[in-house]
Amino acid sequence: MSGATIARYRRVIPGFGITLGMTLLWLSLIVLIPLAALFLKTTELSLEQFVRIVTSPRVVHALQLSFGLSLAAAAVNLLFGSAVVWALVRYEFPGRRLFDAIVDIPFALPTAVAGIALTNLYAENGWLGRLLAPLGIQVAFTPLGIFVALVFVGLPFVVRTVQPVLEDLEAELEEAAATLGASRLTTIRRVIFPAILPALLTGFALAFARAVGEYGSVIFIAGNLPNVSEIAPLLIVIRLEEFRYADATAIAAVMLVASFLILLAINLLQRWSERRTRGD
Amino acid sequence: MSDQPLALSGYASRTGYPSGMRAFRTPSMVLRQVKPASDARADPTPMRWAIIGITIAFLTLFVLVPLANVFAQAFSKGLDAYFAAISNPDALAAIQLTLIVAAISVGLNLVFGIVAAWAITKYDFAGKSLLITVMDLPFSVSPVIAGLVFVLLFGAQGYLGPWLQAHDIKIIFALPGIVLATVFVTFPFVARELIPLMREQGTLDEEAALSLGASGLRTFFKVTLPNVKWALLYGVLLCNARAMGEFGAVSVVSGHVRGETNTMPLHVEILYNEYQFMAAFAVASLLALLALVTLVAKVMLEGRAAKE
Amino acid sequence: MKIALHEVTRRFGAFTALDNVNLDIHSGELVALLGPSGSGKTTLLRIIAGLDWPDQGEVHFDGEDALSRSVGERNVGFVFQNYALFRHMTVFENVAFGLRARPRRLRPSELEIRSRVKQLLELVQLGPLGERLPTQLSGGQRQRIALARALAIEPRILLLDEPFGALDAKVRKELRRWLRQLHDEIHVTSVFVTHDQEEALELADRVVVLAKGRVQQIGTPDEVYEQPQSAFVHHFIGESLSVPVTIAAGGVHFAGRKLDLDPHGLSDGEASLFIRPYEVTVVPESGSALLNGIVKRVHGFGPARRLEIALQEGDREHFIEVSAPRHEAVGIGQHVGLRPRAYRLFASPADRSQGV
């Protein structure tokens with residue numbers, strides 16, 4: 001018995017090697033290798049070619065349209081989603097449970113179904129289209145239609161992300177603020193809002209990410225006119241059908257990188273706001 | 001929690017909105033009733049009415065109306081026309097293909113989702129956070145890009161294209177390609193439902209089982225699995241709903257051959273583009289029904305999970 | 001079965017949970033690991049069980065190396081702090097789990113399992129509850145089922161992690177008594193972890209006092225109570241009051257005055273005088289050889305009263321609490337002298353080697 005150092009740390013629960021191994025294998029086969037193929041293809045282009053493709057007017061327009069409308073739609077969802085989640089968590093009203101349940105529909109509904117439903121709805125003779133036509137507002141086959149579709153698909157994200165946080169918010173925080181003389185507005189602004197801000201930002205980010213990549217809900221209502229109402233994912237599909245793989249890849253690469261950067265920024269913003277709220 | 005993945009992956013933060021299944025935030029975070037507002041938390045009445053009004057209007061306009069439209073259009077020419085549309089041979093072929101693809105994809109992702117959730121929640125290891133982030137990638141990638149990557153690998157001009165042609169193996173424009181694309185986009189669903197729950201449950205039950213002499217497998221089947229059964233079921237439901245409804249990714253790899261490589265969503269597209277609106281909505285209504293069933297099941301599962 | 005731990009050390013990053021722990025547990029003993037939170041007692045228990053491994057050191061069961069075996073192979077019965085009952089199985093299935101988990105050739109027949117489980121449920125006095133689910137049981141009942149489950153596999157050692165921590169006081173007392181009786185019946189070597197000294201002293205054959213990952217003292221409950229070997233043990237077990245004193249020129253000094261106390265062989269320097277509050281005689285102030293102070297507060301019910309006394313040392317006051325029989329007339333503001341009937345001296349923390 002010498003008390004020599006024995007490095008005998010073992011894992012109590014068996015199966016580490018095989019489960020991690022299987023996970024990594026599956027991940028590689030389905031996700032990593034295909035994505036690697038994407039970036040490999042991108043590197044086949046010379047820098048000059050790459051720049052030429054992504055700066056061509058049609059591509060630039062498509063990217064601007066996709067990102068711009070996605071940001072706008074996510075912002076709308078942030079605004080209205082806040083109202084919705086507030087009503088669902090804080091108020092009682094007839095049909096509240098029903099409305100709570102239907103928030104998930106845009107997430108669960110197949111995109112093609114949403115696409116044709118929205119198009120039909122906002123077409124000139126559709127239920128809503130015919131109400132808007134006299135006002136001179138055309139939704140179907142215009143960028144406005146794309147916007148509507150993107151609001152639809154992003155709707156659940158803000159609500160479902162903020163909902164648990166709002167539900168868990170201690171009543172005592174607001175009661176304390178009230179006893180200290182804060183008005184309702186001040187309480188909302190300085191007690192509640194900072195607490196849910198990280199969740200709001202996350203919801204916004206998720207809605208944005210979803211909208212940028214959205215295809216099925218949009219292509220029916222969009223009109224798809226190059227340089228007018230053509231979204232980036234559609235342009236990728238068109239290039240693929242033309243066997244212009246390099247072009248398609250370049251656009252995809254730009255989309256991925258831009259999304260990554262924007263989401264990274266939002267993530268940092270979210271962590272910063274979390275730190276401020278928690279004070280650590 | 002220190003091993004939170006980045007928002008970029010589309011998962012993000014401790015609120016972890018996986019998909020709407022709030023009750024699987026663990027037994028301790030059960031679906032709560034709305035608390036009666038104490039005076040200190042009461043909002044001024046005009047504000048209440050305004051917000052409730054906005055909520056009802058917004059949700060009705062953006063969710064209920066489009067949904068109702070699907071069914072209205074589907075039955076716009078009567079029941080007979082409806083049933084004719086969905087029993088049309090091409091439609092039936094599309095339904096069959098959709099079911100096959102879903103069965104395979106869900107089956108695979110079920111097994112690997114469980115394995116991945118086990119690896120992530122029962123052990124500590126370096127790079128876990130990275131692993132979780134990577135696992136969420138399919139969530140944040142556009143479905144079109146998901147299809148694109150497989151075309152780049154297996155398409156006629158893809159990296160493996162020539163080799164596949166030489167061996168007369170068809171992946172793109174055939175079933176394997178559709179399955180691959182579907183597996184890609186539904187990859188994280190099962191794991192995402194399991195991970196938060198298993199993380200909260202910790203390893204105590206497993207340690208107890210092991211101390212009683214149980215093997216790893218027995219521990220998993222008799223102890224771990226029963227503890228997560230509702231979350232697992234919900235993950236499978238979601239995975240299935242997405243698998244059956246996937247459009248963008250499958251559209252890219254499919255080839256759109258009517259009666260052969262069309263899933264239901266693709267068939268809807270074809271019908272719509274041919275101006276066969278009623279038929280398109282008829283098939284679409286089946287998918288909408290699937291979505292509704294999934295949501296009803298979710299509410300029921302939430303109730304079950306809360307009771308435990 | 002006897003357990004031998006030799007120089008067991010466990011670190012978590014920069015934090016040392018166990019520091020060179022040596023311990024011998026005799027066959028059939030009931031041993032308590034007692035200490036405040038963070039003392040390493042649960043870590044030690046888990047290392048014995050095989051739910052954790054030491055960075056250094058050896059663990060032997062009956063002379064055989066235990067560290068080369070996994071938790072399942074060690075045949076230990078572990079009772080978790082929150083019971084860890086399988087909530088989707090009935091009480092019966094929980095208790096039968098270990099038996100059913102055995103490989104086919106070692107597994108008893110279903111009939112045998114049934115009778116064994118029945119026996120165990122009778123043993124823990126929960127015979128009729130076999131078909132219930134754990135959520136339908138009270139805390140005390142769950143605890144006994146957890147114990148029955150652990151006993152089902154006929155373990156060589158029984159390990160209990162704060163077994164009564166989650167229960168209320170009355171149930172805890174009952175179960176303590178019951179556990180001791182059980183142990184006397186079945187004589188399995190048992191180790192339990194607790195932070196409650198009353199529990200440890202009441203139940204155990206021997207007590208191991210741990211603090212900050214080190215063993216402070218090992219002994220019978222009497223030894224640990226009557227003969228604490230370090231300031232920590234004196235302070236942790238039973239009540240104590242302490243007064244900082246100086247050892248010089250063969251005598252014990254406080255506030256510049258020499259006290260009529262024997263330095264017990266301590267070398268010169270700072271030290272602490274430890275006394276049990278009820279082992280002090282309170283007298284009207286007289287001889288300079290006593291501790292002198294002023295009564296600040298008088299409170300308490302029952303046969304004895306508690307006196308809060310301020311001892312003056314230079315310009316500082318030390319507050320201590322002593323017990324005085326009720327019939328003695330002592331008032332606030334009164335000057336009193338304190339004569340300890342029994343006391344211990346420990347060198348100050350700077351010199352930790354004193355006392356094990």
Side-chain angles (χ1 to χ4, degrees), chain B residues 1-3 23-30 114 117-118 121-129 193-194 197-234 301 303-308, chain C residues 12-13 42 45-46 48-52 69-90 93-104 106-108 117 133-136 142 145-161:
Chain B
M1 293 206 238
S2 60
D3 57 344
F24 291 139
R25 291 148 55 212
T26 81
S28 62
M29 301 189 263
V30 147
I114 291 177
W118 178 273
T121 58
K122 302 298 178 195
Y123 310 107
D124 272 323
F125 54 91
K128 199 197 283 198
S129 176
E193 295 301 326
L194 291 178
L197 184 60
M198 284 172 75
R199 196 184 264 153
E200 169 95 7
Q201 289 177 343
T203 52
L204 272 184
D205 280 5
E206 284 77 21
E207 284 178 356
L210 290 167
S211 76
L212 293 166
S215 69
L217 277 179
R218 176 178 281 266
T219 303
F220 170 72
F221 281 107
K222 297 273 181 187
V223 176
T224 315
L225 213 48
N227 277 347
V228 297
K229 57 183 181 231
W230 301 124
L232 186 61
L233 188 56
Y234 185 60
L301 286 178
R304 285 291 191 97
K307 246 183 262 157
E308 287 186 1
Chain C
F12 294 102
T42 299
L45 197 74
R46 287 172 65 90
I48 298 175
L51 294 172
D52 199 354
R69 304 251 182 98
S70 72
V71 57
E73 290 166 342
R74 292 191 198 184
N75 195 220
V76 298
F78 200 99
V79 178
F80 291 79
Q81 188 165 2
N82 290 307
Y83 325 130
L85 292 177
F86 305 131
R87 63 193 112 106
H88 291 99
M89 297 185 202
T90 62
E93 287 164 354
N94 262 280
V95 176
F97 185 85
L99 294 171
R100 294 210 177 122
R102 289 198 186 148
R104 230 154 260 275
L106 294 173
R107 203 182 302 173
V117 171
L133 289 173
T135 42
Q136 297 169 309
R142 281 186 221 171
I145 298 298
L147 193 53
R149 183 177 70 176
L151 289 173
I153 58 172
E154 293 174 316
R156 301 189 288 166
I157 0 166
L158 198 55
L159 302 171
L160 305 110
D161 188 2

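Any value given below was found using the heavy atoms of this structure, including those in side chains, with hydrogens, waters and symmetry copies removed. Chain letters run A, B, ... following the sequence lines, proteins first, then strands; residues in each count from 1.
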Given a strict heavy-atom distance threshold of 4.5 Å, which part of C:R74 is in contact with chain B: side chain, backbone, both, or neither?
neither
To the nearest 0.5 Å, atom NZ of B:K222 lies from atom CZ of C:F86 at 11.5 Å
Of all of B:L204, B:D205, B:T219, which one pairs up most often with chain C through heavy atoms under 4.5 Å apart?
B:D205
Separation of B:E206 CD from C:L51 CG (nearest 0.5 Å):
12.0 Å
Quick one: does any side-chain atom of B:R218 pair with a main-chain N or O of C:R100 as donor and acceptor, under 3.5 Å?
yes
Taking all atoms of both residues into account, what is the closest heavy-atom pair of C:A101 and B:A214, and its distance?
CB-CA, 3.7 Å
Heavy-atom nearest pair, B:V223 first then C:M89, reads CG2-CE, 4.4 Å
When C:S70, C:G72, C:G50, C:A146 are compared by non-hydrogen pairs under 4.5 Å with chain B, the top option
C:G72
Other residues, nucleotides, ligands: >12 heavy atoms within 6.0 Å of B:F125 CZ:
yes
Which region of C:A150, side chain (C-beta onward) or backbone (N, CA, C, O), has a non-hydrogen atom less than 4.5 Å from a non-hydrogen atom of chain B, or is it both or neither?
backbone
Inter-residue atom distance B:S211.OG - C:I153.CD1, 0.5 Å rounding
6.0 Å
Within this structure, what is the CZ-CG distance for the pair C:R87 and B:N227, rounded to the nearest 0.5 Å?
4.0 Å
